[in-house]
Protein chains: 2
Amino acid sequence: MTATTHHAIRERIRARIKAGEYPLGTRIPGEAEFAASFGCSRTTVNRALRALADEGIVERRRKGGTRVRPLPVPQAQLTIPLVREQVEATGRRYSHRVVVRGTASTDAAARRRMRLGDDVPLMHLETLHLADEQPFAFERRWVNLWAVPAFASADLSVLSANEWLVREVPFSSGEVSLSAAAASEQVAAVLRVEPGAALFTLDRTTWLDEAAITTMTLSYRPPYTLDFAI
Amino acid sequence: MTATTHHAIRERIRARIKAGEYPLGTRIPGEAEFAASFGCSRTTVNRALRALADEGIVERRRKGGTRVRPLPVPQAQLTIPLVREQVEATGRRYSHRVVVRGTASTDAAARRRMRLGDDVPLMHLETLHLADEQPFAFERRWVNLWAVPAFASADLSVLSANEWLVREVPFSSGEVSLSAAAASEQVAAVLRVEPGAALFTLDRTTWLDEAAITTMTLSYRPPYTLDFAI
DNA sequence: ATCAGGATTATGTATGCACATATTAATTGC
DNA sequence: GCAATTAATATGTGCATACATAATCCTGAT
């Protein structure tokens, strides 16, 4: 007979929803009911329905039952790629060049994003990422030296700052912000584009527990698109 | 005593990994071992470890055991918001205005994205999304009338085209592309920005099985950022 | 009519157990 | 020594059961 794996049950329920047997927003049978009709245990149905809930297909509420989401939320598992991997994925050779490195900069916007006062020492870094020696993206970064003191003496000739930090502080959370920005005179010169050109921009601030580790702004040289499936 | 919920177990294991007790790439104890040390059943440990694997923190292989991922993948569950919800989330009133609607346009780029020949009838639509009557985003869309014939006579005064389609064809997959683009004369005029302004742009093509349903380009009026946590 | 509070109910979770499955390790046969 | 077979092992999964928890429904008092 038909399989009673949680996998199979999940797909059978998904198929019914897709076929319109349970219209949008309506309540679907309970776990016990499904278990009886599929001839499996409630545990198995539970796992299948939990998976569908994780996917955003259904909503579950205690006592309220399970219902098909009124409007399915188009959500995607977006992987923020390392610049090196982005370049190498297109078959080009990756390199990077540290343009500026010092502790002089006291960028107010950066401190605000990291929620740090003026007393915390920050390392400022500007890096140009290259693909086959052509400008690919420009990165401005600030690193909290209280949180990562070793960064002050890190060798960034092999690993880029980002890769160094990921290895050193692997388990951090972060906030990402995507936007479009006009190229400033300085950035335009480095990326070899016209001033005012539309640059795809990624801002990221990274935290370990309550401490801000680093914040950065990555400006991609056009044409650049971030693609993914939903 | 400490809780033995799969939730608590998951966090305790996560804390150990974060603390560096199990370095990157190394194998961590097996389910049975954890169960004994935490005083819970193997089932509970299994569920906790499965959750950590879903998050990308650990990798699991039968017989191979569970190991900490060598480099954590920064991935995010990105929800593509409906424009209406984006506007209403900021407390403003949403409205939209259909600027152009017809079947005359034979946009080659749109047909290419949808992988359709010249014989398929397309409905072309240009919509301005407003927040408190101020331009918020401009949408250019093409709809495959073979796949969704009812769209030709849809009433788009209440629901926007996107919402109409989501209701009609709820379970579809798609490709999304994010980029930055300079505002054309026409788009600049509609959005009330300077021509050449940097616009955050979202392209999306939606499929039901093998049939392209719709493709669209959404240009956001600056300043706009797409924010999410990783 | 309205509100408080308890009964009801659907999902959430923990457990012990059995067996499945994938993969490595060991052993056997040549 | 090498290849094929077999054993060992860690995770994957299904099931029956029991209890937990949250939300709703219903009842009854005011």
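In what follows, chains are A, B, ... by sequence order, proteins preceding strands, each numbered from 1.
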Ignoring backbone atoms, test whether B:Thr4 places a side-chain nitrogen or oxygen under 4.0 Å from the OP1 or OP2 oxygen of C:dT15. yes
Report yes or no: do B:Arg42 and B:Asn46 form a side-chain donor-acceptor pair below 3.5 Å? no
Nucleotide nearest B:Arg62 (side chain, heavy atoms from C-beta), chosen from C:dT15, C:dA10, C:dA22: C:dA22
Using a 3.5 Å cut-off and no angle test, enumerate the donor-acceptor pairs between side-chain atoms of residues 20-28 of chain A and protein atoms at least two apart in sequence or in another chain.
from, atom 1, to, atom 2, distance (Å)
A:Tyr22, OH, A:Arg16, NH1, 2.9
A:Thr26, OG1, A:Pro23, O, 2.6
A:Arg27, NH1, A:Gly64, O, 3.4

May I ask you to decide whether A:Arg93 forms a salt bridge with A:Glu133, counting only side-chain N to carboxylate O separations under 4.0 Å? yes
Atom CG of B:Asn46 and atom C1' of C:dT15: how far apart are they, to the nearest Å? 13 Å
For A:Lys63 and A:Arg42, take the nucleotide of DNA chain D holding the closest heavy atom to each; which residue's nucleotide lies nearer the 5' end? A:Arg42
Please find the earliest and latest nucleotides of DNA chain D, in the 5' to 3' direction, that have an atom within less than 4.0 Å of any heavy atom of chain A. D:dT13 to D:dT24
Salt bridge B:Glu175-B:Arg115, side-chain N to carboxylate O under 4.0 Å: yes
Would you say C:dA10 has OP1 or OP2 under 4.0 Å from some side-chain N or O of A:Thr66? no
Examine the side chains of B:Arg113 and B:Thr215 and answer whether a donor and an acceptor come within less than 3.5 Å of each other. yes
Is the shortest side-chain N/O distance from A:Arg60 to OP1 or OP2 of C:dG12 below 4.0 Å? yes
Expressed as a whole number of angstroms, how long is the span from A:Arg47:CZ to C:dT11:C1'? 17 Å
Hey, is the main chain of A:Thr214 close enough, under 3.5 Å, to the side chain of A:Asn144 for a donor-acceptor pair? no
Heavy atoms under 4.0 Å, any strand shown: does B:Gly64 hit a base, just sugar-phosphate, or nothing? nothing
B:Glu163 bridged to B:Arg167 by N-O distance under 4.0 Å: no
Please give me every residue in residues 27-35 of chain A whose heavy atoms get under 4.0 Å of an atom in DNA chain C, ordered by residue number. A:Arg27, A:Gly30, A:Glu31
When the distance from CZ of A:Arg50 to C1' of C:dT13 is rounded to whole Å, what number comes out? 9 Å
Is it the case that over 12 heavy atoms from other parts of the model lie below 6.0 angstrom from the CZ atom of B:Arg61? no
Check whether any side-chain nitrogen or oxygen of B:Thr44 sits under 4.0 Å from OP1 or OP2 of C:dT15, and answer yes or no. yes
To the nearest 0.5 Å, how far apart are CG in A:Leu218 and CZ in A:Phe136? 8.5 Å
